[in-house]
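Being a predicted model, the structure only gives us computed values, none of them experimental.
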Amino acid sequence: MDQEQRGIELIEEASGAGPSTLLSDTDAMQLLREARRIAVVGASSLPWRASNSVMRYLLAHDYECVPVTPKRDVVLGLPCYDTLEAAVAATGPFDIVDVFRRPEYTPDIARSAVSTGCGALWLQQGVISTEAVRIAHAGGLAVVMDRCTAVMHRLMRD
């Protein structure tokens with residue numbers, strides 16, 4: 001286990017959002033195998049942004065992705081929604097809510113994912129929020145934190 005991962009585990013344990021509330025890499029890959037619909041919260045139309053390249057990758061691998069970001073009408077040719085609630089109202093619940101927002105925004109996103117009946121909260125690599133983990137877990141959602149959906153998908157295919 002690397003030093004960064006151990007640090008995350010210590011933070012999780014101290015905050016009560018311990019490792020048992022997070023999916024293991026194996027379970028995260030299984031979640032990706034079973035998922036079809038992914039809300040990409042924080043999707044960007046800028047090709048050099050991680051959210052854009054990850055969404056492009058997921059679309060290329062037959063996931064139905066819906067961009068959720070204010071101030072944009074379209075990302076990668078798909079209509080955007082200002083909020084997760086609006087996206088769910090228009091298109092239905094998501095298997096995964098893939099979050100590319102700063103950690104301070106994630107508790108509200110977790111609450112939205114729970115209230116709209118989504119299946120899992122996935123906090124992208126570098127997005128760490130034990131509060132969001134607690135909210136999503138308490139709401140019955142599977143939770144992945146500090147992992148990239150595209151990287152995990154590549155690992156699953158190897």
Side-chain angles (χ1 to χ4, degrees), residues 1-2 4-6 8-9 11-12 17-44 47 49-69 75-81 83-101 103 105-158:
M1 172 182 316
D2 66 20
E4 178 185 357
Q5 182 61 33
R6 182 62 188 138
I8 290 167
E9 288 182 3
I11 292 167
E12 292 166 349
S20 63
T21 61
L22 297 173
L23 293 183
S24 67
D25 286 353
T26 301
D27 290 337
M29 286 186 257
Q30 186 60 34
L31 174 63
L32 282 171
R33 277 186 197 91
E34 295 171 359
R36 294 289 25 111
R37 291 181 36 79
I38 300 176
V40 181
V41 179
S44 175
R49 300 294 301 259
S51 61
N52 185 284
S53 62
V54 169
M55 187 170 150
R56 245 183 299 117
Y57 175 89
L58 294 170
L59 287 166
H61 287 88
D62 299 323
Y63 290 95
E64 179 187 347
C65 295
V66 176
V68 177
T69 189
V75 169
L76 295 175
L78 298 169
C80 285
Y81 297 89
T83 65
L84 186 58
E85 289 84 357
V88 170
T91 70
F94 296 96
D95 300 315
I96 298 173
V97 177
D98 194 5
V99 182
F100 289 87
R101 298 291 315 273
Y105 297 111
T106 60
D108 285 339
I109 296 166
R111 287 182 194 94
S112 294
V114 169
S115 70
T116 57
C118 296
L121 180 71
W122 191 302
L123 302 180
Q124 271 292 326
Q125 191 167 354
V127 181
I128 299 170
S129 171
T130 56
E131 183 181 0
V133 170
R134 279 195 305 275
I135 292 165
H137 181 71
L141 275 62
V143 183
V144 177
M145 181 170 69
D146 195 30
R147 297 286 179 269
C148 177
T149 47
V151 170
M152 294 304 291
H153 186 269
R154 284 184 193 108
L155 290 173
M156 149 183 119
R157 294 178 51 220
D158 290 342

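Proximity of a side-chain donor or acceptor of Ser51 to a complementary backbone N or O of Gly42 within less than 3.5 Å is detected. Side chain of Asp146 to main chain of Gln125: no donor-acceptor pair is present (N/O by atom type, distance under 3.5 Å, no hydrogens or angles). Not a single donor-acceptor pair under 3.5 Å links the side chain of Arg101 to the backbone N or O of Leu123. Here the side chain of Tyr63 pairs a donor or acceptor atom with the backbone of Leu32 at under 3.5 angstrom. Of the possible donor and acceptor atoms, none in the side chain of Thr91 sits under 3.5 Å from a partner among the backbone N and O of Val88. Arg37 places a side-chain N or O within donor-acceptor distance of the main-chain N or O of Gly92, the cut-off being under 3.5 Å.
The CG atom of Leu31 lies 12.5 Å from the OG1 atom of Thr26; values are rounded to the nearest 0.5 Å. Atom-to-atom distance recorded for Asp108:CG and Ile135:CD1 is 7.5 Å, nearest 0.5 angstrom. The distance from the CG atom of Asp25 to the CE atom of Met156 is 13.0 Å, given to the nearest 0.5 Å.
Between Leu58 and Asp98, some side-chain heavy-atom pair lies under the 4.5 Å cut-off. No side-chain heavy atom of Val40 sits less than 4.5 Å from a side-chain heavy atom of Val54. Side chains of Arg154 and Tyr57 form a contact here, defined as non-hydrogen atoms less than 4.5 Å apart. Taking 4.5 Å as the limit, every side-chain heavy atom of Val144 sits out of range of all side-chain heavy atoms of Met152. Considering only heavy atoms from C-beta on, Phe100 stays 4.5 Å or farther from Val127 through its side chain. Here the side chains of Asp95 and Glu34 are not in contact, with every heavy-atom distance at 4.5 Å or above. Side-chain contact check for Asn52 versus Pro47: some heavy-atom pair is nearer than 4.5 Å. Under the 4.5 Å side-chain criterion, counting only non-hydrogen atoms from C-beta, Ile109 is in contact with Leu121.
Test Ile96, Thr149, Leu59, Leu76 against Cys65 for side-chain contact (heavy atoms from CB on, under 4.5 Å) and you get one pass: Leu59.
For the residue pair Val75 and Met55, the shortest heavy atom distance occurs at O-CE, 4.0 Å. Counting all heavy atoms, side chain and backbone alike, Ser129 lies closest to Met145 at N-SD, 3.4 Å. Between Phe94 and Ile38 the shortest heavy-atom distance is CD2-C, 3.7 Å. Heavy-atom minimum distance, Ala110 versus Ala132: CB-O, 3.6 Å. Closest of all the heavy-atom pairs between Ala142 and Leu23 is CB-CD1, 3.8 Å.
Summarising the local packing, CZ of Arg111 is surrounded by more than 12 heavy atoms from other residues, nucleotides or ligands at distances under 6.0 Å.
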- [ ] Could you check Leu141 against Val114 for side chain to side chain contact (heavy atoms under 4.5 Å, CB included), going step by step and ending with a plain yes or no?
- [x] CA-CA 7 Å; Leu141 275 62; Val114 169; 3.6 Å; yes

Open item on the list: Working note: Ser112 + Glu85, criterion side chain to side chain donor-acceptor pair (under 3.5 Å); need CA distance, chi angles, decisive distance, verdict.
Closed with: CA-CA 7 Å; Ser112 294; Glu85 289 84 357; 2.6 Å; yes

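With salt bridges taken as basic N to acidic carboxylate O contacts below 4.0 Å, none links Glu64 and Arg36.
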